[in-house]
Amino acid sequence: MGNVMEGKSVEELSSTECHQWYKKFMTECPSGQLTLYEFRQIFGLKNLSPSTSQYVEQMFETFDFNNDGYIDFMEYVAALSLVLKGKVEQKLRWYFKLYDVDGNGCIDRDELLTIIQAIRAINPCSDSTMSAEEFTDTVFSKIDINGDGELSLEEFMEGVQKDQTLLDTLTRSLDLTSIVRRLQNCEQDEEGAGAGAVEAAG
């Protein structure tokens, strides 16, 4: 199953982290298979606009490595591992897949703009020195080498890695760490509240 996850494995997270995530996963998803609806619940994503909702579905599909319509625990951990500890190249490949909404192997301007707008709706603390439109224009002006209005995986990977400013901005705009950390904090708060209740009862 390792090849399904493109080399990302549970070993990349510590045993303590794995235990925490397994507990969280099984609490939220006792069946062991996360549906899109449960995925939204686990990340606290409600009352989303249609475009943001589409982005969440796209994110779900990129984490569903074997395309069976569910995220199992191994896929869940691989996704977390990628978000929290993935190497730049791994993350760029995932970003590309996320941006390529129609799955044709290229990103066009509308796809990039839609995803950037959706990301900012979910993750407002992401980089906002440029508007979504300005950011999209910047990406294409810098890395659409052949000027055809579409970015291939090669253009995207090479262009972003050569431009540190673009790489930094992209990484910040797609930094899901804050959402993941929020989940961890919620879990710790719940555990703390539970411990307090036990002490009060005693």
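A quick note: this is a predicted structure, and the numbers were derived from the prediction, not measured.
- Residues Asn67 and Glu61 are not in side-chain contact: their nearest non-hydrogen atoms beyond the backbone lie 4.5 Å or more apart.
- Under the 4.5 Å side-chain heavy-atom criterion for Ile, Leu, Val, Met, Phe, Trp and Tyr, Val139 and Ile145 are members of distinct hydrophobic clusters.
- Legend: residues meeting side chain to side chain contact (heavy atoms under 4.5 Å, CB included) with Glu111, ordered by chain and number and at least two apart, are Asp100, Val101, Asp102, Ile107, Asp108.
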### Message
Before you tell me yes or no, could you show the steps for Phe135 and Leu166 under side chain to side chain contact (heavy atoms under 4.5 Å, CB included), namely the whole-Å CA-CA distance, both residues' side-chain angles and the distance that decides it to 0.1 Å?
### Response
CA-CA 9 Å; Phe135 180 71; Leu166 198 56; 4.2 Å; yes
### Task
Verify side chain to side chain contact (heavy atoms under 4.5 Å, CB included) between Glu155 and Asn146, making sure each step is shown before the conclusion.
CA-CA 9 Å; Glu155 278 180 317; Asn146 61 8; 3.2 Å; yes
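- Counting only heavy atoms from C-beta outward, the side chains of Val77 and Tyr22 never approach each other to under 4.5 Å.
- Residues Gly105 and Phe96 approach most closely at O-CZ, 3.3 Å, considering heavy atoms.
- Applying the ring-ring contact (aromatic ring centres under 6.0 Å, His included) rule to Phe60 yields the partners Phe39; only residues at least two apart in sequence or on another chain are considered.
- Evaluation of the side chain to side chain contact (heavy atoms under 4.5 Å, CB included) rule for Phe140 yields Arg109, Leu112, Thr136, Asp144, Leu151 as partners, not counting sequence neighbours.
- By the rule that hydrophobic residues join a cluster once side-chain heavy atoms approach within less than 4.5 Å of another member, Tyr70 and Met26 end up as members of separate clusters.
- Remark: Glu57 pairs with Arg40 by the salt bridge (Lys or Arg N to Asp or Glu O under 4.0 Å) rule, at least two apart or across chains.
- Remark: Gln164 pairs with Asp168 by the side-chain hydrogen bond (donor to acceptor under 3.5 Å, both in side chains) rule, at least two apart or across chains.
- Residues satisfying the salt bridge (Lys or Arg N to Asp or Glu O under 4.0 Å) criterion with Glu134, sequence neighbours excluded, are absent altogether.
- The side-chain hydrogen bond (donor to acceptor under 3.5 Å, both in side chains) search around Asp110 returns none, not counting sequence neighbours.
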### Query
Leu92 and Leu167: side chain to side chain contact (heavy atoms under 4.5 Å, CB included), yes or no, with the steps?
CA-CA 9 Å; Leu92 287 178; Leu167 179 60; 4.3 Å; yes
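- Between the side chain of Gln58 and the main chain of Leu98, a donor-acceptor pair closer than 3.5 Å is present.
- Formation of a donor-acceptor pair under 3.5 Å by the Gln161 side chain with backbone atoms of Glu158 is not found in this model.
- Not a single salt bridge (Lys or Arg N to Asp or Glu O under 4.0 Å) links Asp148 to another residue, sequence neighbours left out.
- Although no hydrogens or angles enter the test, the distance criterion places a donor-acceptor pair under 3.5 Å between the side chain of Glu75 and the main chain of Asn66.
- A parallel orientation is assigned to the rings of Phe63 and Trp94, their planes being inclined by less than 30° (bins at 30° and 60°).
- Side-chain contact between Asp72 and Leu34 is absent, with no heavy atoms from C-beta onward closer than 4.5 Å.
- Listed by chain and residue number, nothing satisfies the side-chain hydrogen bond (donor to acceptor under 3.5 Å, both in side chains) test with Thr114 (two or more places apart in sequence, or in another chain).
- Shown here are the side-chain hydrogen bond (donor to acceptor under 3.5 Å, both in side chains) partners of Thr35, two or more places apart in sequence or in another chain: Glu38.
- Residues Cys106 and Ser152 approach most closely at SG-CA, 4.3 Å, considering heavy atoms.
- Among all heavy-atom pairs drawn from Ile116 and Tyr99, the shortest one is CD1-OH, 3.7 Å.
- Although no hydrogens or angles enter the test, the distance criterion places no donor-acceptor pair under 3.5 Å between the side chain of Gln117 and the main chain of Ala132.
- Cluster annotation: Ile143 is not connected to Leu113 through the hydrophobic network of ILVMFWY side chains, with a link wherever side-chain heavy atoms come within less than 4.5 Å.
- Under the side chain to side chain contact (heavy atoms under 4.5 Å, CB included) criterion, Ser141 pairs with no residue, sequence neighbours left out.
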